[in-house]
Structure formats: structure tokens, C-alpha cells
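Working notes, structure below.
Residue numbers run from 1 in the order of the sequence given. The structure displayed is predicted, hence computed values, not measured ones.
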Amino acid sequence: MSNPCLALLNSVLAVRVNSAVNEFVLRTQDLISTGVTDDRFTQLVSLASRHVPRQMLAPSREEDQLAAALIPGWSLAAWSLLDLVRVSFVLSRHDLADADFPPKFNQWFRFADEGEACAYYRSLCLLPQPEQHLWRAAEGCRTNMRSVFAAVACGSPYAFLHFDSLVWNQMLLKALFIGEPLTGIYGFNKRTTPELIAMVNDYIDERRSAGRDIPVDAQLLLA
């Protein structure tokens with residue numbers, strides 16, 4: 001298998017599901033790799049929920065270390081089995097590096113449900129030419145749906161590597177606002193700027209003036 005990330009996902013899945021599920025996943029990956037229409041692809045992503053157990057992946061320490069060795073900052077800790085299978089379907093496509101892939105990828109979100117959207121967002125750091133998906137990634141960080149926000153911001157180096165300072169700072173403030181722990185965001189304390197500190201202080205002042213609690217994580221950005 002030429003894609004080491006896909007190989008890792010398949011090895012992690014194989015020890016957690018029965019042979020019927022594993023055969024379904026591998027068979028679907030093979031089908032996708034030969035080329036399917038976008039409608040058929042999104043249908044297969046949706047249908048995965050009928051075959052894959054609904055449970056968290058709970059990777060071992062070794063499995064998470066293998067992921068980080070492939071892509072520093074990548075973690076499977078918050079993934080479900082269904083996330084893994086759906087991302088593996090994305091990685092099975094033969095057109096990931098094609099010029100027309102980014103608009104296709106963006107189009108999938110139009111009819112994706114929450115779980116499907118999370119899987120697509122989790123795949124961002126695994127795609128070739130990831131900077132071509134900046135707009136979509138930023139959109140994911142503007143949502144008030146914590147699961148979707150976390151799929152972009154957490155367990156992935158994507159935001160740290162590709163967001164400009166404005167979007168990065170807004171993402172960190174959004175994490176404070178929705179209660180997403182900053183420790184799950186790769187590099188959260190490695191891009192501190194005077195602008196970010198000013199934004200955090202303004203946020204703290206607003207919370208204090210409104211008589212609201214100050215998130216403990218806010219201090220992590222000021223430390």
C-alpha cells in the first residue's frame with residue numbers, strides 16, 4: 001500500500017473489527033481507488049455507518065505514536081471507528097493531488113451530516129497540498145458545533161502549519177468560547193503574538209465585566 005497513513009489506519013482498524021467489517025472496508029477502498037463518481041463516493045461514506053460499530057477508537061499509546069511519527073501533531077485519540085473508516089475512504093481516492101480535487105472536496109460538505117463533515121475535516125492534515133483547503137478549514141473553525149470545530153482544530157497540525165495569524169488567533173479564542181481544551185490543539189502555545197495576547201486580555205475583560213467565569217485555559221495563552 002503506497003499511502004503510509006492509509007496503511008496505519010487499516011492496521012489500527014483490523015484489530016478492532018470482525019472479518020466481515022474489515023472485508024467491507026477493504027473492498028470499498030478498492031472500489032474507490034478505481035474511480036467512482038462524487039455522488040457514489042459520498043454515498044459510500046454515508047453507508048459506512050451501517051457497517052462500522054459506533055464506538056471510539058481508543059488508540060494505544062504505540063498507535064498514536066506511530067501516527068505522530070508519520071505526521072507530527074497528528075493524533076487518533078479523539079477519533080471513532082467510523083471516523084477512521086471514512087477518512088480511509090478519502091485517502092483511497094486516486095485524485096487527491098489533482099488540480100480539481102479541492103472544489104470536489106469542498107462540495108462534499110454541502111450534503112454531509114455532522115459525522116461525515118467531521119471525518120472530512122479530520123482528513124485535512126493527511127491530504128496532499130493541504131494549503132489548498134484553507135477556506136474550508138477556516139469555515140469549520142467558525143462553527144458553534146464543538147464536534148466539527150474539534151475535528152479541524154484538535155489532534156491535527158493543520159491549523160498550526162497553515163492558518164495565518166488572524167485565523168489562528170480567532171480559532172484559539174473560539175476554543176475558549178466553546179470550552180474546547182487548548183491542550184488538544186497542536187502548537188497552541190507556539191504562535192503567541194502581541195495581537196493574540198491583546199485579544200485574550202480583551203476577552204477576559206469582557207467576561208469579567210459581565211460577571212462570568214474566566215476560562216482557566218485563557219491563562220495558558222498568557223503564560
Side-chain angles (χ1 to χ4, degrees), residues 3-17 21 25 45-46 48-49 51-91 105 108-109 112-127 130 133 136-163 167-168 170-191 215-217 220-221:
N3 188 321
C5 294
L6 179 56
L8 174 61
L9 295 182
N10 282 347
S11 67
V12 171
L13 180 70
V15 298
R16 287 171 170 78
V17 298
V21 173
V25 173
V45 169
S46 178
S49 62
H51 299 267
V52 181
R54 292 183 178 274
Q55 64 189 61
M56 295 304 295
L57 186 61
S60 67
R61 181 178 180 181
E62 180 182 5
E63 288 169 337
D64 223 28
Q65 288 175 339
L66 288 171
L70 288 172
I71 299 179
W74 180 31
S75 171
L76 301 171
W79 287 37
S80 68
L81 285 174
L82 189 54
D83 286 329
L84 185 153
V85 169
R86 285 170 166 165
V87 172
S88 81
F89 289 174
V90 174
L91 296 184
F105 181 79
W108 299 344
F109 288 86
D113 64 20
E114 181 180 350
E116 293 159 9
C118 285
Y120 294 146
Y121 279 125
R122 292 193 192 283
S123 72
L124 280 170
C125 70
L126 310 178
L127 299 177
H133 306 288
R136 171 49 61 185
E139 281 293 291
C141 288
R142 294 188 183 101
T143 181
N144 287 323
M145 298 175 67
R146 185 169 168 178
S147 62
V148 173
F149 175 89
V152 183
C154 302
S156 168
Y158 186 92
F160 177 76
L161 294 175
H162 301 292
F163 281 179
V167 178
W168 172 256
Q170 290 175 338
M171 182 192 72
L172 295 180
L173 265 291
K174 186 68 174 230
L176 295 178
F177 179 76
I178 65 176
E180 186 64 38
L182 293 179
T183 51
I185 299 176
Y186 178 76
F188 78 92
N189 57 350
K190 296 181 180 179
R191 289 182 59 181
V216 175
D217 276 10
L220 296 177
L221 296 175

Taking the side chain as C-beta and beyond, is there a heavy-atom pair between [X] and [Y] under 4.5 Å?
X    : Y    : result
F89  : V25  : yes
P53  : V17  : yes
L127 : V90  : yes
F149 : N144 : no

If you measure from [atom1] on [X] to [atom2] on [Y], what distance do you get to the nearest 0.5 Å?
X    : Y    : atom1 : atom2 : result
L176 : L221 : CG    : CG    : 5.5 Å
C118 : D113 : SG    : CG    : 9.0 Å
E114 : M145 : CD    : CE    : 3.5 Å
L182 : L220 : CG    : CG    : 6.0 Å

In residues 65-75, what donor-acceptor pairs under 3.5 Å come from side-chain atoms, sequence neighbours left out?
{"residue": "S75", "atom": "OG", "partner": "D64", "partner atom": "OD1", "Å": "3.3"}
{"residue": "S75", "atom": "OG", "partner": "D64", "partner atom": "OD2", "Å": "2.9"}
{"residue": "S75", "atom": "OG", "partner": "A77", "partner atom": "N", "Å": "3.1"}

Apply side-chain contact (heavy atoms from CB on, under 4.5 Å) to the pair V87 and W79, showing each step before the final yes or no. CA-CA 10 Å; V87 172; W79 287 37; 3.8 Å; yes

Evaluate R54 against L81 for side-chain contact (heavy atoms from CB on, under 4.5 Å), listing each step before the verdict. CA-CA 7 Å; R54 292 183 178 274; L81 285 174; over 6 Å; no

Backbone of [Y] reached by a side-chain donor or acceptor of [X] within 3.5 Å:
X    : Y    : answer
R122 : A151 : no
S49  : S46  : yes
S123 : L126 : no
T143 : G140 : no
K174 : C141 : no
R16  : V12  : yes
Y186 : C154 : no

Please test F177 against L172 for side-chain contact (heavy atoms from CB on, under 4.5 Å), starting from the C-alpha separation and ending with a verdict. CA-CA 9 Å; F177 179 76; L172 295 180; over 6 Å; no

In chain order, what residues pass the side chain to side chain donor-acceptor pair (under 3.5 Å) check against R146, with sequence neighbours excluded?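 Partners of R146 by the side chain to side chain donor-acceptor pair (under 3.5 Å) criterion, ordered by chain and then number, come out as E180.
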
Listed partners of S88 passing side chain to side chain donor-acceptor pair (under 3.5 Å), at least two apart: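 Counting only residues at least two positions away or on another chain, S88 forms a side chain to side chain donor-acceptor pair (under 3.5 Å) with Q29.
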
Test item: side-chain donor near acceptor, Q55 and S80, under 3.5 Å: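 No, no side-chain donor-acceptor contact under 3.5 Å.
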
Y121-R136 side chain donor-acceptor pair, cut-off 3.5 Å: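 Yes, side-chain donor-acceptor contact under 3.5 Å.
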
Ignoring hydrogens, what is the shortest heavy-atom contact between L9 and L84? Give both atom names and the distance.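 Smallest interatomic distance, heavy atoms only, reads O-CD2, 3.5 Å.
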
Take the angle between the ring planes of Y158 and F163 and call it parallel below 30°, perpendicular above 60°, tilted in between.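 Aromatic pair Y158/F163 classed perpendicular.
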
What verdict does the side-chain contact (heavy atoms from CB on, under 4.5 Å) test give for S11 and E63, after you've listed the backbone C-alpha separation in whole Å, the side-chain angles of each residue and the deciding distance to 0.1 Å? CA-CA 9 Å; S11 67; E63 288 169 337; over 6 Å; no

